[in-house]
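Reckoned from all heavy atoms, side chains included, excluding hydrogens, waters and symmetry mates.
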Number of protein chains: 2
Amino acid sequence: MSTSDRLIEATRELLWERGYVGTSPKAIQQHAGAGQGSMYHHFAGKPDLALAAIRRTAQELRGTAGRVLDAPGSAYERISGYLLRERDVLRGCPVGRLTMDPEVIASEELRAPVEETIAWLRGRLAGIVQEGLDRGEFDRRLVPEDIAASIVATVQGGYVLARASGSTEAFDAAARGLLTLLAPRTDAT
Amino acid sequence: MSTSDRLIEATRELLWERGYVGTSPKAIQQHAGAGQGSMYHHFAGKPDLALAAIRRTAQELRGTAGRVLDAPGSAYERISGYLLRERDVLRGCPVGRLTMDPEVIASEELRAPVEETIAWLRGRLAGIVQEGLDRGEFDRRLVPEDIAASIVATVQGGYVLARASGSTEAFDAAARGLLTLLAPRTDAT
DNA sequence: GTCTATAGTCTGATAGAC
DNA sequence: GTCTATCAGACTATAGAC
């Protein structure tokens, strides 16, 4: 792995763990095993390096989520697969986490890949919900875009609950709750 | 307002805006209009001051949420009231936000009020869902604790979506989506 | 490409005068 | 109680040698 790659990977780790504000160039250099000069040779500074790291993380997330969402099965099964997929729950979402960083949100450039990733995810899920509606799988009243937002929010918020309690249990509970609400009706009351 | 109070209030604002890692004693002093000596006279240091600020914020949140949850009406109406209550959506949750702060999570003391507040909220909502079940308002299959986790997660995640897109629309979509799923059935398909 | 040197500013805190 | 002085170390970067 090249020095440039090691710097990006180290930045990805630190951004996930500590956010942009909490990540210093010095810490990045130490994690990457690179010197100061090396880092400033490859990147213009902390924002430039962070941008490269965020873009890579966003791309990776699209890949991972995309594979789960492209899986075969009913709409419910694919949503269930997304909600229940293996995650590093207590570490949170490496993309969503950045929305709580004031300097990421303040920067047009740094926020863009975050915004695009979340928008992409909402769009993909809305498409799946629509398919479910078309197949008569769901209650006709469901609005695909709204349900998609609820699904993504449940995941993002599940991380918050899990980290607050120090246990993954809360994430699982939130996912189960949403899936119960979404479950195809058997008309048994 | 006493100097001590002003220091706590300034810290609350900054913790909400920038998190613990992003908030420096100097910034707190400037916001509070207090000198260094003044701050260190009233508080042992940054962690001590942050603890006082977090406790006050947590208490306030319990008050605000409690009033909404105690409102009259059906279970669905009270949950709806909670989800749709006025919020400073783009600022996020002053308590939930702290879960993304590595130093808050690493500190037993700082995390405690965050954990307790979220746990309290989940408990209150679970109670309301249980009431709804008892009254036949909801599908019998709903598990109160799971639905409560989904509700809190939707709110916390709604903030993430809103901040990612720079608009409150996403929060509202997520809330609407969950309410549609939760809506008492009219048995119309 | 990588290294060391240097620099101005901020961080988080202590000491002691008023 | 509040203020100023002081401090060691970190932050973010630039300069220039190798």
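- Taking the side chain of A:His42 as heavy atoms from C-beta on, and the options D:dG1, D:dA13, C:dT2, the nearest nucleotide is C:dT2.
- Side-chain atoms of A:Ser165 come within 3.5 Å of backbone atoms of A:Ala162 as a donor-acceptor pair (strictly under, hydrogens ignored).
- One N or O on the side chain of A:Arg78 and one on the backbone of A:Leu69 form a donor-acceptor pair closer than 3.5 Å.
- Ranking C:dA13, C:dT2, D:dT14 by closeness to the B:Pro47 side chain, first place goes to C:dA13.
- Residue A:Gly37 is in base contact, counting any heavy-atom pair closer than 4.0 Å across all strands shown.
- Between B:His41 and the phosphate of D:dC3, there is no side-chain N or O to OP1/OP2 separation shorter than 4.0 Å.
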Strictly under 3.5 Å: I want the nitrogen or oxygen pairs between protein and nucleotides 7-11 of chain C, one per line.
unit_1	atom_1	unit_2	atom_2	d
C:dT11	OP1	B:Ser24	OG	3.3
C:dT11	OP2	B:Ser24	OG	3.4

Run the side-chain donor-acceptor check on residues 42-50 of chain A: report pairs under 3.5 Å with partners two or more places apart or on a different chain.
unit_1	atom_1	unit_2	atom_2	d
A:Lys46	NZ	A:Tyr20	O	3.0
A:Lys46	NZ	A:Thr23	O	2.8
A:Asp48	OD2	A:Ala44	N	2.9

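- Because its NZ or CZ atom is not both nearer than 6.0 Å to the ring centre of A:Trp16 and within 45° of the ring axis, A:Arg97 does not count as a cation-pi partner of that residue.
- Ionic pairing of B:Arg12 and B:Glu9 is present here: one or more N-O contacts between side-chain nitrogen and carboxylate oxygen are shorter than 4.0 angstrom.
- The stretch residues 2-19 of chain A does not touch DNA chain D, since none of its heavy atoms comes less than 4.0 Å from the strand.
- In summary, B:Glu145 and A:Arg176 do not engage in a salt bridge, as defined by a charged side-chain N under 4.0 Å from a carboxylate O.
- Seen from the ring of B:Phe171, B:Arg85 does not count as a face-on cation partner, given the 6.0 Å and 45° thresholds.
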